Number of protein chains: 2
Amino acid sequence: MVVVPRQTRQRAEILDLLEDIDEFRSAQQLHEMLRARGSSVGLATVYRAVQSLSEHGDVDVLRTEDGESVYRRCEQRSHHHHLVCRSCGRTVEIEAGQAEAWAAQVGAAHGFDDVDHTIELVGTCATCRAASAS
Amino acid sequence: MVVVPRQTRQRAEILDLLEDIDEFRSAQQLHEMLRARGSSVGLATVYRAVQSLSEHGDVDVLRTEDGESVYRRCEQRSHHHHLVCRSCGRTVEIEAGQAEAWAAQVGAAHGFDDVDHTIELVGTCATCRAASAS
DNA sequence: CTCCTTCCTGAGACTGGTTCCCACTATAAC
DNA sequence: GTTATAGTGGGAACCAGTCTCAGGAAGGAG
């Protein structure tokens with residue numbers, strides 16, 4: 001009953017590109033990178049692709065501080081969180097079992113059900129720290 | 001050296017309104033509510049006010065799922081988090097010492113410094129659960 | 001109280017990310 | 001192949017939020 005998206009050249013190219021990237025990127029950045037690679041894909045198509053991919057859990061979405069959506073193909077398909085370097089964008093996928101247990105417990109303590117959580121960490125990675133310390 | 005914003009009718013009215021509200025509201029909603037109250041304040045002014053208030057720590061800001069900023073006057077002026085009902089918007093201010101300790105620890109484990117965290121909880125409050133169960 | 005500087009206000013123009021529209025094209029089932 | 005249908009793309013539309021700038025109000029100095 002799950003609708004499988006049709007396989008098109010455009011989707012393949014977008015997935016290919018995502019494979020090669022390790023940082024969160026916006027739809028517009030992806031669009032530019034595709035054009036730089038010489039493949040022409042419409043911006044609207046990039047938006048549709050990342051959206052459908054994120055719905056299927058194939059890519060993760062984050063909202064930047066200025067409200068832009070950024071996407072990244074993650075190793076873990078299961079639920080996880082991110083620790084992102086604010087300077088270079090390097091991203092570490094993290095388990096948050098402890099924090100999630102805490103969230104569920106706090107929710108229950110206040111009589112809330114079906115508690116969803118948003119947990120994201122932003123810091124400065126060791127490499128960038130060293131670079132800026134010079 | 002801290003610049004105190006000038007005291008104007010508009011700011012006073014916006015603060016008054018925020019006192020009467022317990023849920024997170026967008027700038028546009030606040031603007032409408034002000035007009036409904038019969039006071040005329042420009043939308044741009046509402047944006048400027050909530051922005052300056054949030055910078056001073058007088059109101060809290062959250063980003064909704066669709067990227068809208070919503071504001072709320074909070075009891076606690078110190079750092080805290082929120083547990084929001086997805087149905088009625090009722091909001092509980094919560095302490096997250098445990099989760100914050102975890103965040104700092106995870107960051108350190110990966111060599112990240114100055115780790116900021118975003119932690120927000122959304123659930124269904126007891127009242128709304130009861131209402132929808134009927 | 002008055003003057004004067006400075007900041008605030010507000011209507012509308014503008015921006016930038018994202019979605020919609022719709023004619024055209026490509027996929028995949030038969 | 002043929003066909004039904006979903007995907008594509010370019011541009012228009014949308015919308016939250018910001019900027020512009022002329023007029024107005026706050027509040028310190030005198």
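From a predicted model like this one, the values you see are computed outputs, not experimental measurements. Note on naming: letters A, B, ... go to the chains in the order of the sequence lines (proteins, then strands), and numbering restarts at 1 for each one.
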With the side chain of [X] defined as its heavy atoms from C-beta on, choose the nearest nucleotide among [options].
X	options	value
A/Y47	D/dT18, D/dG9, C/dT18	C/dT18
A/Q28	D/dG9, D/dC19, C/dG17	C/dG17
A/V41	D/dG9, C/dT18, D/dA16	D/dG9
B/T8	D/dA26, C/dG10, C/dG17	D/dA26
B/S69	C/dT9, C/dT18, D/dG17	D/dG17

(request) Check for a donor-acceptor pair, side chain of B/E68 on one end and backbone N or O of B/S26 on the other, with a separation under 3.5 Å. (result)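 A pair under 3.5 Å: no.
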Nucleotide [N], atom [atom2] - distance to [atom1] of [X] in whole Å:
X	N	atom1	atom2	value
B/D66	D/dG17	CG	C1'	14 Å
A/Q7	C/dA29	CD	C1'	15 Å
A/R11	D/dG9	CZ	P	11 Å
A/R35	D/dG10	CZ	C1'	11 Å
A/I14	D/dG9	CD1	C1'	12 Å
B/E68	D/dG17	CD	P	6 Å
B/L30	D/dA16	CG	C1'	14 Å
A/R9	C/dA28	CZ	C1'	18 Å

(message) Tell me if the centroids of the rings in A/H81 and B/H117 come within less than 6.0 Å of each other.
(response)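 Between A/H81 and B/H117, the centre distance exceeds or equals 6.0 Å.
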(message) In this structure, would A/W102 and B/V92 fall into the same cluster of hydrophobic residues linked by side-chain contacts under 4.5 Å?
(response)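 Result: yes, single cluster for both.
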(message) Checking A/S52 against A/R11: is there a side-chain donor and acceptor pair closer than 3.5 Å?
(response)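 A/S52 and A/R11 do have a side-chain donor-acceptor pair below 3.5 Å.
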(message) Could you check whether A/T124 and A/R129, counting side-chain N and O atoms only, form a donor-acceptor pair closer than 3.5 Å?
(response)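 Judged by distance alone, the side chains do not pair up.
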(request) Using a heavy-atom cut-off of under 4.0 Å over every strand shown, decide if A/Q51 touches base, sugar-phosphate, or nothing. (result)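 It contacts sugar-phosphate atoms only.
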(request) Using a heavy-atom cut-off of under 4.0 Å over every strand shown, decide if B/S26 touches base, sugar-phosphate, or nothing. (result)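 If one applies the 4.0 Å heavy-atom cut-off, B/S26 turns out to touch nothing in the nucleic acid.
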(request) Examine the base of C/dG17 for any acceptor or donor lying under 3.5 Å from a partner atom in the side chain of A/R63, and report the outcome as yes or no. (result)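 Check fails, no donor-acceptor contact within cut-off.
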(message) On the side chain of B/R48, is there an atom forming a donor-acceptor pair with the base of C/dG10 - under 3.5 Å, no angle test?
(response)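 Checked by distance alone, the answer is yes.
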(request) On DNA chain C, check which nucleotide each of B/A44 and B/R6 is closest to and give me the residue with the more 5' one. (result)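 Between the two, 5'-proximity favours B/R6.
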(message) Strictly below 4.0 Å: does A/Q10 bring a side-chain N or O up to OP1 or OP2 of D/dG7?
(response)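 No, A/Q10 has no side-chain N/O under 4.0 Å of OP1/OP2 on D/dG7.
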(request) Select from B/V70 and B/P5 the residue whose nearest nucleotide in DNA chain D is closer to the 5' end of that strand. (result)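 In this pair, the answer is B/V70.
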